[in-house]
Amino acid sequence: MAEQQYFKPRSVDEASALLGDHPGAVIIGGGAYVRLGSRKITTAVDLFDAGLDYVRAGADGLELGAMATFRMLETDSLVNGYADGVVSRSVERIVGVQMRNITTVGGTLYGRYGFSNLITALLALDAEVALHRAGRMPLERFFTTKPDPGDILTGVILPDLPWRAAWRDLTRTVNDYAVLNTAVAVREGQARVVVGARPGRGVRCAEAEAALLAGGEGAADKAGRAAAAELEFGDDVRASAAYRRELCGTLVARAAREVLS
Amino acid sequence: MNEVGKSLPKIDGVGLAMGRPAFTDDLAPREALVVRALRSPHPFARLKSIDTAAAEAMPGVACVLTWKDVPRIAVTRAGQGHPEPSPRDRFILDEYVRHVGDEVAVVAADTAATAAAALDVLAVEYEVLDPVLDFEQADGHASVLHPEPEAHENFPIGFEPQRNIASAYEMHVGDVDKVVAESEVVVRRTYYTQAQQHVALEPMVCATWLDLHGRLNVVTSTQTPWHVRRIMARALDMPVSEIRVNKPRIGGGFGGKQMIHGELLCGLVTRRTGKAAKMVYSRREVFTATNTRHPMRMEITLAAHPDGRLRAIDMQALSDTGAYGEHALTVFMVAGAKTLPLYNKVEAVRFGGKTVYTNHAPGGAYRGYGAIQGNYALESALAELADELDLDPVELRRLNMIAEGETSPIFAIMGEGTEGVAQTIDSCKLPECIDRGMELIGWNDKFPRREAGPDRVRGVGMALAMQGSGIPAIDMAAATLKLNDFGSFNLLIGATDLGTGSDTILAQIAAEALGVATDIIKVYSSDTDRTPFDTGAYASSTTYVSGHAVRKAAEKMKAELIAEGAAMLGCDPQAAVFDGREVRGPGGAISLEDLSTRLLYSRNQKQLCTTGSHLCEKSPPPYMAAFAEVEVDLGTGKVDLIDYVAVVDCGQAINPNLARVQVEGGLVQGIGMALTEDVRYGKRGALLTRDMMTYKIPARQDVPRITVELVDSHEPSGPFGAKSVGEIGIDTPPAVIANAVFNATGVRVRDLPLTPEKVLMALRRTQES
Amino acid sequence: MKITFALNGRETTWEIEPVETLLEALRRHGLTGVKQGCDTASCGVCTVLLDGKPVPSCAVPAARVDGHAVLTVEGVPEKARAVGEALAAEGADQCGYCAPGLVMSLVAMEQEPGPPDEDKIASYLAGNLCRCSGYASQSRAIKKYLGGKP
């Protein structure tokens, strides 16, 4: 076994330098999903003390530091006050307070977890990510770009936009991960319908968004049907693709009804 | 009564909350080698070769053992009486692996990291075999799981390994086919129950070492210390007398620790190396490599008169015991034996079928032990019959259920693995349980359904249940009371407290029989060297069987105290009494404190020590009437439990709080089985639900409202009127919730659990048709 | 590697493995109140407070706590006794394996703003699973414990 090293840089710059000095080093963001012993990590760079555990009002919007925890998102008044609190609603029941105290924004986005509620909520709000080297980019682009292993995600920016938004998910037990989740957001001339845990990662659904923008009688149900028809669903241990498709129609329509009401 | 019937605090509660060392891993020797098993990635394979050289060469590795290093002695890991009614179809390690997670080899090293590294460098060549993954295809499958000549049954249990049959059973009373053919109303249905994981929060843990005499000491998280000792001795080919097994506090059992897990491997390592060894299961190992509830297919036929009087019940079952036959026959039999006597007025009854091997994780004991499978099928079918007859399901039960003073021929025919024991029911408060339950749930207002907002509907359902109190003519327990100077007692019991509070209630029974306060009874339990024998904590036996042994020991002690007190006082023992504080005679009195101290230090010196033992002669069932209200989301199929009411006849509760919590805890495990707990395998036989993120037990908010009441009852054959209460709680939720969902929606789901997916898809099918 | 941290209010320096979890390190040093349960941060029996916040020690790298404060059940014996007595009074303690983690969650909950109503208790303690009690008796005990405090 190679000698293992564990660093706790006190700033992003220090962390970045460490990554430069130790090619192959792994960033420890949350910790929840990292069974240290089960992975062959030789160098770990833990951002716990790097000053990224903030939620604050920034120049362009609400800033969530990469080490902001789900518990912070759940309880922080700024997050609760943003877009009808949809980000808070998305994370507030996951597993338990303990887990939410160590699960972080950055760890979740880097994990690109299909079951993630947070990713679904952020995608619906046109969130941007901030990277230490690459700068700002839309969240969707972050997901579709091959990450630079030497770069560090420092946070998420939720632009100051007047979203009306709603959250829906279905879980087996109250505190389970979602069988399917959805965030729906609208503002003047804009609509977002994102569905995740399909079980794939949250994605936008253009036809459902178009149905919401078209408005009129039954727009919410139309959006639900459109999302169910358009999106891809799969089987996993929580549910089958066929069930997820049915569920998608129901949950999207319910969330849409809430934002349109 | 002074001590019985009081909700005294559990004697170990505060120390456990403070985190004091109490569990196996807390007590294991610090220097113990870490034992880890290499586990099979294949559901069925032969080990062509295992190259252990690289692992053995690693610094810190004490030994690497494979099937070639172990005695070729077939055992069962089912912790049952001797000889076990389960087939002996296992070895400590074998040339074949029969499920994903089965043990391939074992490594012992000085640290966990070294052990893990050693596992990584074991080079195994597998000859992958065609697995049996569908239990309905197991009988007659081209693959045979247990062709080995050493595998055997201890007595006839229907063991036919060439057909993948671990056990088979048939019984009947009357001519079922004839009665069914003659009956005007017949309901035939098939139900499926799933595997279920125990999820005791403490995983399986054991530690072994040699004491100064060279004897093998075992501390282990087990429900059955004596069975562990006996089976270890056989497997390791050593005398029983050379092994001591001690169960400390254990973090939940529920039947999962009625099997032997790491003890054989740990014992083997200690025997080979002479060093202390410890094995702590990871949660993934608990899921993949211990036991589950046996999944079953239950085919039920009910025949009835148009007025609802049942004429015949036929229950044909197929049970999946997975890779090994632990508890195969006995769980199977209980599916009938602890359900069918509920409806004892039938003209004919038949029960039978077989338990088959598959390449899944083995089945085993789990609270309910077949009764929950049988209850789900029988009580669902009765609800379907009631619906067909347009009868209130409560009335259908009242018309047919067993009553005090009655019997059922099934008691004599069916035991656990053998014939049963005839018994008359001396306590059965089902009428009271039903009345009170209906009142608490509001049955008459809520049956069958009511709207609960857009897309939501509520419904109520109900079921009855029975269990047993120990295994008659098999379960036996003993207790010793020892008098100490200054007037305290040690109660030494073989009984195994799993966290249930049995140490506490057994002390209460001793105190009641002696007439003293419970807090002067100091309990030491579950140690094969230091306490008397007990078959173990299973089959709802501890209160009824061990409790009786304690009562007998205490009564003897009381007689001896009076005799010795009278001798000190110089009076006739017939004229003396012991009131809990002093022995009083006509001419004076001597306090317990003085008497005990003199007996040990100054006068008539002797140790007072009395032992009681008790064989379970009958098995009076506890009963329950259970009711639930559910709310179904018609857009998602999600079932939310609104209220669960259970009214129980467990005889006299020795400690009402602890009895009630047994029921509440059992209910929530049953609710988990009904709604969310789903053991799922992939197409190639790997377990998919192998952690607590995918296998979901109920959390606090999933069970918002549970109401449990105990009715007044007295079982004449029980200690101070007690029956059992450990298992009855788990039996009803699958049927009750399925019945409530049907009443709410008209949708009948006949395979567990009732996931949102199954409910919604069934709703969609009914909407289409 | 060495870590220095405040363990139950006392500055402590340990030699640990970089791959160890906080749970493993605590138990290796004899803190038996911290239990191994699920290995995936899902059950709550390994709950300790890190800088005052409840965390699953099975999912926290031991190395992370260098320079921080860890509180285990061994550091709150009076609270643990009081909670233990409340649980025992209701028969809610059962196997007791989840009790120390529950104690730690309660200690943290008491620091939260707002009164602990029934919903808050249920949601705050959602991550503390119990397989024995069925929760109802725990809820009765916790209500009495919170109600009975000065």
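Chain naming here is simple, since letters A, B, ... match the order of the sequence lines and numbering starts at 1 in each.
Interface remark: C/S105 contributes side-chain atoms only to the contact with chain A (heavy atom separation under 4.5 Å). Only the side chain of A/R71 comes within less than 4.5 Å of a heavy atom of chain C; its backbone N, CA, C and O stay farther away. There is no contact between C/E17 and chain A, counting heavy-atom distances below 4.5 Å. Within the 4.5 angstrom heavy-atom criterion, only side-chain atoms of C/L50, from C-beta onward, approach chain A.
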Item to check | C/K79/C/E110 under salt bridge (charged side-chain N to carboxylate O under 4.0 Å, His left out): CA gap, chis, key distance, verdict | outcome: CA-CA 11 Å; C/K79 289 259 186 214; C/E110 290 180 73; 3.3 Å; yes
Checklist entry - salt bridge (charged side-chain N to carboxylate O under 4.0 Å, His left out) between A/R89 and A/E74: does it pass, once the steps are laid out? => result CA-CA 7 Å; A/R89 297 296 82 73; A/E74 171 194 354; over 6 Å; no
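In this structure, CG in A/L62 is found 7.0 Å from CG in A/D76, a value given to the nearest 0.5 Å.
Using modelled atom types and a 3.5 Å distance limit, the side chains of A/D151 and A/H132 yield no donor-acceptor pair.
Test C/R28, C/R27, C/R64 against C/E20 for salt bridge (charged side-chain N to carboxylate O under 4.0 Å, His left out) and you get one pass: C/R28.
For the set C/A63, C/S57, C/A126, the count of heavy-atom pairs under 4.5 angstrom toward chain A peaks at C/A63.
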